[in-house]
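Bear in mind that the values here come from a model prediction, so they are computed numbers and not experimental data. Quick note on labels: first sequence line is chain A, next is B, and so on, each numbered from 1.
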Number of protein chains: 2
Amino acid sequence: METQDLRNAGLKVTLPRVKILEILEKQTTKRHLTAEQVYKILLEEGEDIGLATIYRVLTQFETAGLVTRHHFEGGNSVFELDSGKHHDHIVCIKCGKVDEFVDPIIEEHQAKIADKLGYSLTDHSLYLYGFCSDCKNL
Amino acid sequence: METQDLRNAGLKVTLPRVKILEILEKQTTKRHLTAEQVYKILLEEGEDIGLATIYRVLTQFETAGLVTRHHFEGGNSVFELDSGKHHDHIVCIKCGKVDEFVDPIIEEHQAKIADKLGYSLTDHSLYLYGFCSDCKNL
DNA sequence: TTGATTGCAAAGAATTTGCACTGGG
DNA sequence: CCCAGTGCAAATTCTTTGCAATCAA
């Protein structure tokens with residue numbers, strides 16, 4: 001339950017935090033949301049939580065490691081519940097659909113490249129962009 | 001010479017455009033600049049070109065395929081002269097140094113993944129982040 | 001000449017912050 | 001009760017736009 005997640009993260013259990021965490025956990029198909037989208041979902045559920053608070057809470061979640069922030073093409077940030085396991089993303093430039101994947105060979109080569117260039121890797125981001133199966137024939 | 005590049009791109013040859021293109025071509029070590037950085041370099045050279053113009057010109061260059069725009073971590077866009085050949089980037093999170101690389105195996109696997117997930121790929125962005133050789137021991 | 005290009009200042013979009021108020025522990 | 005957390009509006013940051021003046025062809 002969310003309450004415990006919040007406590008574990010060292011965050012006081014407040015209504016906005018619980019609600020926002022709920023929203024994120026509830027997402028099955030669309031795991032990646034902008035602050036704005038979270039805001040709208042909350043409004044639909046009758047919760048009147050300020051947009052500023054959503055940004056603040058999501059940033060806290062990010063710091064606490066509960067959530068990951070991505071900068072997809074186009075500018076605005078999207079947030080995703082951190083599942084614990086690393087993965088990369090492929091994004092449909094038409095409908096916004098996002099799929100996740102992991103490719104061990106790619107991961108391995110990234111490490112190799114960083115090494116060859118003398119970098120010690122801390123992070124990486126790989127985004128593929130294209131048309132998903134539903135959009136490519138339109 | 002820049003004049004010809006501009007003409008080929010269908011752009012009228014104006015002072016701001018020539019100057020900005022010069023700046024970009026002059027970069028050897030630091031090929032990736034923000035609009036702000038271009039602006040400052042121009043000021044140092046005594047050219048008084050408005051920041052808005054720089055954004056406009058860089059956007060035109062992007063459209064014309066002369067320049068590529070990247071969204072590195074942190075938000076602001078950086079522009080790089082388009083060398084014609086695709087490459088990915090590794091960025092030092094301490095000093096901002098950027099290296100470029102290409103890995104055929106990674107490219108190949110990306111295509112494979114997109115295919116498996118039913119996407120037709122149009123583009124991708126791969127950024128590795130870490131400490132470069134100069135920064136990792138500090 | 002004349003439409004394209006600039007500069008400036010103002011508008012926008014996304015995100016953050018200041019501050020008085022509220023609520024969780 | 002008391003301080004962390006919130007809401008709102010104002011501030012920031014990066015980027016784009018409107019419009020009159022200017023410039024290249």
Side-chain angles (χ1 to χ4, degrees), chain A residues 1-23 32-40 42-43 45-64 66-80 96, chain B residues 1-23 32-40 42-43 45-64 66-80 96:
Chain A
M1 100 173 349
E2 300 85 29
T3 302
Q4 202 50 47
D5 293 337
L6 289 172
R7 273 200 245 285
N8 292 343
L11 296 169
K12 194 185 281 190
V13 179
T14 66
L15 183 78
R17 302 220 257 238
V18 173
K19 283 295 171 191
I20 292 172
L21 194 48
E22 264 180 29
I23 301 275
H32 306 74
L33 300 177
T34 63
E36 196 77 32
Q37 289 171 322
V38 172
Y39 179 64
K40 293 221 181 89
L42 283 168
L43 277 187
E45 298 190 350
E47 299 293 342
D48 195 1
I49 297 178
L51 186 54
T53 299
I54 296 180
Y55 274 107
R56 259 185 304 228
V57 168
L58 286 173
T59 303
Q60 291 159 353
F61 284 3
E62 187 191 12
T63 306
L66 289 172
V67 148
T68 309
R69 181 192 302 235
H70 298 285
H71 302 281
F72 290 163
E73 233 172 30
N76 31 8
S77 305
V78 300
F79 299 86
E80 147 190 45
Chain B
M1 105 170 347
E2 301 84 28
T3 301
Q4 202 51 48
D5 292 336
L6 288 173
R7 272 200 246 285
N8 292 343
L11 296 169
K12 196 182 280 190
V13 179
T14 65
L15 183 77
R17 302 219 257 238
V18 172
K19 283 294 170 191
I20 291 172
L21 194 48
E22 264 180 29
I23 301 274
H32 306 74
L33 300 177
T34 63
E36 195 78 33
Q37 289 172 322
V38 173
Y39 179 64
K40 294 221 181 89
L42 283 168
L43 277 187
E45 298 189 350
E47 299 294 342
D48 195 1
I49 297 177
L51 185 53
T53 299
I54 295 179
Y55 274 106
R56 258 185 304 227
V57 168
L58 286 172
T59 302
Q60 291 158 353
F61 284 3
E62 188 191 12
T63 305
L66 290 172
V67 148
T68 309
R69 182 191 299 235
H70 297 284
H71 302 281
F72 290 163
E73 234 173 30
N76 32 6
S77 305
V78 300
F79 299 85
E80 147 189 45

What is the distance, to the nearest angstrom, from the [atom1] atom on [X] to the [atom2] atom on [N]?
| X | N | atom1 | atom2 | value |
| --- | --- | --- | --- | --- |
| A:L11 | D:dT6 | CG | C1' | 14 Å |
| B:F61 | C:dT5 | CZ | P | 11 Å |
| A:Q60 | D:dA4 | CD | C1' | 10 Å |
| B:L58 | D:dT17 | CG | P | 15 Å |
| A:Y55 | C:dA13 | OH | P | 13 Å |
| A:Y39 | C:dA13 | OH | C1' | 16 Å |
| A:H71 | D:dT13 | NE2 | P | 17 Å |
| B:K40 | D:dC14 | NZ | C1' | 13 Å |

Where is the tightest heavy-atom contact between [X] and [Y], given as atom of each residue plus distance?
| X | Y | value |
| --- | --- | --- |
| B:L58 | B:V67 | O-CG1, 4.3 Å |
| A:T53 | A:P16 | CG2-CB, 4.1 Å |
| B:L66 | B:A9 | CD1-CB, 4.1 Å |

With a 4.5 Å heavy-atom cut-off, do [X] and [Y] have their side chains touching?
| X | Y | result |
| --- | --- | --- |
| B:L33 | B:F79 | no |
| B:L11 | B:F61 | yes |
| B:R69 | B:T59 | yes |

Let's see if you can work this out: which of [options] has an atom nearest to the side-chain heavy atoms of [X]?
| X | options | result |
| --- | --- | --- |
| B:R17 | D:dT15, D:dG7, C:dA4 | C:dA4 |
| B:V57 | C:dT6, C:dT15, D:dT6 | C:dT6 |
| B:L51 | C:dT15, C:dT6, D:dT15 | D:dT15 |

query = Hey, which of A:E80, A:H70, A:Q37 is the one that makes side-chain hydrogen bond (donor to acceptor under 3.5 Å, both in side chains) with A:H32?
reply =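 Per the side-chain hydrogen bond (donor to acceptor under 3.5 Å, both in side chains) rule, the option paired with A:H32 is A:E80, out of A:E80, A:H70, A:Q37.
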
request  = Using a heavy-atom cut-off of under 4.0 Å over every strand shown, decide if B:S77 touches base, sugar-phosphate, or nothing.
outcome  =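 Touches sugar-phosphate only.
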
message = Both A:E36 and B:G50 contact DNA chain C. Taking the nearest nucleotide for each, which residue is further toward the 5' end?
response =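 Its nearest nucleotide lies further toward 5', so the answer is B:G50.
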
key: nucleotides 18-25 of chain D: protein proximity per nucleotide (B base, S sugar-phosphate only, - neither; heavy atom, under 4.0 Å)   = B-----SS

